[in-house]
There are 2 protein chains.
Amino acid sequence: MQYASKTTDQSGLEATWPRGRRSTFVAQRVRDMIVAGDIEAGTRINERVLTEQLGVSRTPLREAFKILEGEGLVRIDPNRGATVVGISPEEVEAAIEVLIGLESVAAARACERATPQMIAEIERLHAEMVDAYQRGELMEYFHINQTIHQRIVDCAHNATLSRIYAAESARIRRYRYAGNRRSERWARAVFEHEQILDALRQREGALLREVLRAHHLSGWGVTRNVLEGELSKAENQTLPGDR
Amino acid sequence: MQYASKTTDQSGLEATWPRGRRSTFVAQRVRDMIVAGDIEAGTRINERVLTEQLGVSRTPLREAFKILEGEGLVRIDPNRGATVVGISPEEVEAAIEVLIGLESVAAARACERATPQMIAEIERLHAEMVDAYQRGELMEYFHINQTIHQRIVDCAHNATLSRIYAAESARIRRYRYAGNRRSERWARAVFEHEQILDALRQREGALLREVLRAHHLSGWGVTRNVLEGELSKAENQTLPGDR
DNA sequence: TTGAGGCATATTGCATGCAAACATCCTAGA
DNA sequence: TCTAGGATGTTTGCATGCAATATGCCTCAA
């Protein structure tokens with residue numbers, strides 16, 4: 001048995017992992033697998049299988065599970081091990097509400113503290129994203145999109161804010177990806193991103209906050225429909241990843 | 001050698017820990033020790049000492065360190081183990097900014113969704129807190145105070161919000177405690193809490209948000225002064241706990 | 001006296017072994 | 001046929017041993 005891996009090659013065992021950070025790297029790998037939907041929600045993860053696949057022993061893997069449990073990606077039941085947590089549309093909505101709140105905090109500060117370099121970096125990412133949009137590269141578009149939001153939050157120069165925002169974004173990433181598959185959303189999202197960029201350039205904190213909020217709410221409307229559609233298709237099974 | 005423990009008896013080794021959740025319980029114990037200031041910021045934690053003190057082996061302790069690292073309470077350096085992280089006043093301020101943002105999200109929702117039972121529970125806690133205030137029981141007062149804020153956030157019925165709020169509160173708890181030792185702050189804080197309770201009772205989301213915000217900013221002003229005073233006393237050593 | 005190098009000890013990182021809990025399958029009795 | 005119970009294999013939880021790394025100490029040369 002093996003857990004599928006769409007994001008990395010399946011060539012087999014890892015070479016050698018550096019000593020000292022094995023659990024961290026393992027956590028990163030497993031996190032990627034979960035976020036990419038390689039391991040379906042609700043799946044119980046067998047330690048032996050994953051240790052063989054990753055080429056590490058159980059100790060660093062179990063430490064990685066503790067990290068991922070803290071991030072809300074897996075649940076650890078006594079004597080039953082780690083299970084990939086499934087998130088309901090309601091929970092995704094709750095998390096998005098939090099992300100909006102965090103971006104609201106970021107908005108004012110970002111407009112005060114963003115350096116011209118940071119804004120230029122975001123403009124560069126925006127151009128890349130538009131390019132990906134025009135080429136129809138969904139995955140790339142989606143990835144850059146997420147990066148832009150993270151960079152805006154980073155502009156606030158608040159490490160706590162950046163850390164929490166990154167963790168929560170990662171936790172619901174695979175569900176939001178579902179919403180972004182609707183290509184009719186793209187054009188609107190690109191337009192909204194231009195508004196966001198304008199507000200940041202003009203350093204209008206209150207405006208930036210409102211534009212970001214509207215952007216997320218509009219995106220969530222689409223995502224929710226997709227998720228609920230998939231849920232009813234799946235007939236109350238586990239939530240699908242990005243199939 | 002032994003790490004002091006003001007919060008629990010020092011009678012020595014633990015009895016037996018239940019199988020299946022040892023790392024969780026160990027994490028709780030160590031978290032308590034850090035939050036209470038029993039282990040000073042900047043201290044490198046020796047695994048052997050702590051395993052002997054807690055009566056568990058290194059494996060669950062090391063898993064507990066991973067949990068606490070995720071919470072931002074310790075830092076794990078390769079081949080050097082876990083160190084209690086010290087937080088600068090700037091970082092505490094950044095975290096409080098985030099907490100204010102999270103409470104802002106909570107405020108509107110709490111006023112929509114709080115059940116009468118939840119409000120009654122908060123009123124009960126408030127009465128207890130006033131009682132502790134009148135008896136001069138600082139630790140108890142502080143603890144109930146924190147619980148009230150958590151309960152208000154819980155009223156929003158947003159699990160993500162509650163989880164993040166709890167984690168961030170814990171991370172900076174010992175620093176805020178320093179600010180609350182100024183007893184002249186107590187009277188004002190109790191008054192502000194009454195305003196908070198009123199806003200919640202009347203389900204005035206916007207008002208609740210503003211009152212909470214003002215409450216935190218006023219508290220932070222005192223805390224910052226205390227922290228900066230202690231910092232200069234300590235002459236750029238590690239941040240003191242609750243000495 | 002100081003500092004570089006090297007040896008001895010302490011400490012951490014990880015793999016592994018063993019015991020407890022769990023899961024599965026089989027059988028006996030109703 | 002169905003179910004209780006138990007035998008057997010599987011999986012997890014934890015302790016421990018070994019190797020790698022860090023740390024402290026000592027020596028010796030400049």
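FYI, side chains are in, hydrogens and waters are out, and symmetry mates aren't considered; it's all heavy atoms of this structure. Below, chains carry the letters A, B, ... as their sequence lines are ordered, and counting in each starts from 1.
Looking at R62(A) and T59(B), their side chains never bring a donor and an acceptor atom within 3.5 Å of each other. H216(A) and R176(A) are linked by a side-chain donor-acceptor pair at a separation below 3.5 angstrom, with hydrogens and angles left out of the test. Between the side chains of E103(A) and Y165(A), at least one donor N or O lies within less than 3.5 Å of an accepting N or O.
As judged by a 4.0 angstrom heavy-atom cut-off over every strand, I45(B) is placed among residues touching the sugar-phosphate backbone only.
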Check: Can you give one letter per nucleotide of nucleotides 15-20 of chain C, 5' to 3': B if a protein heavy atom sits under 4.0 Å from the base, S if only from the sugar-phosphate, - if neither?
Finding: BBB--B

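Regarding E47(A), its CD atom lies at a distance of 11 Å from the P atom of dC14(D), rounded to whole Å. The CD atom of E52(A) sits 10 Å away from the P atom of dT11(D) (whole-angstrom rounding). Rounded to whole Å, atom C1' of dT10(D) lies 13 Å from atom CZ of R80(A). Rounded to an integer number of Å, the gap from CG of L61(B) to C1' of dC14(C) is 15 Å. Computed from coordinates, the L54(B) CG to dC14(D) P distance equals 14 Å when rounded to whole Å. Look at CD1 on I76(A): it is 11 Å from C1' on dT12(D), rounded to the nearest Å. Spacing between atom CZ of R62(A) and atom P of dG13(D) amounts to 4 Å, rounded to whole angstrom units. Residue R21(A) contributes atom CZ, which lies 15 Å from atom P of dT12(C) at whole-angstrom precision.
Using a 4.0 Å cut-off between a side-chain N of Lys or Arg and a carboxylate O of Asp or Glu, R163(A) and E168(B) qualify as a salt bridge. Between E97(A) and R109(B) there is a salt bridge, with a side-chain nitrogen of the basic residue lying less than 4.0 Å from a carboxylate oxygen of the acidic one. Checked for salt-bridge contact, D32(B) and R29(B) miss the test: no charged N lies under 4.0 Å from a carboxylate O.
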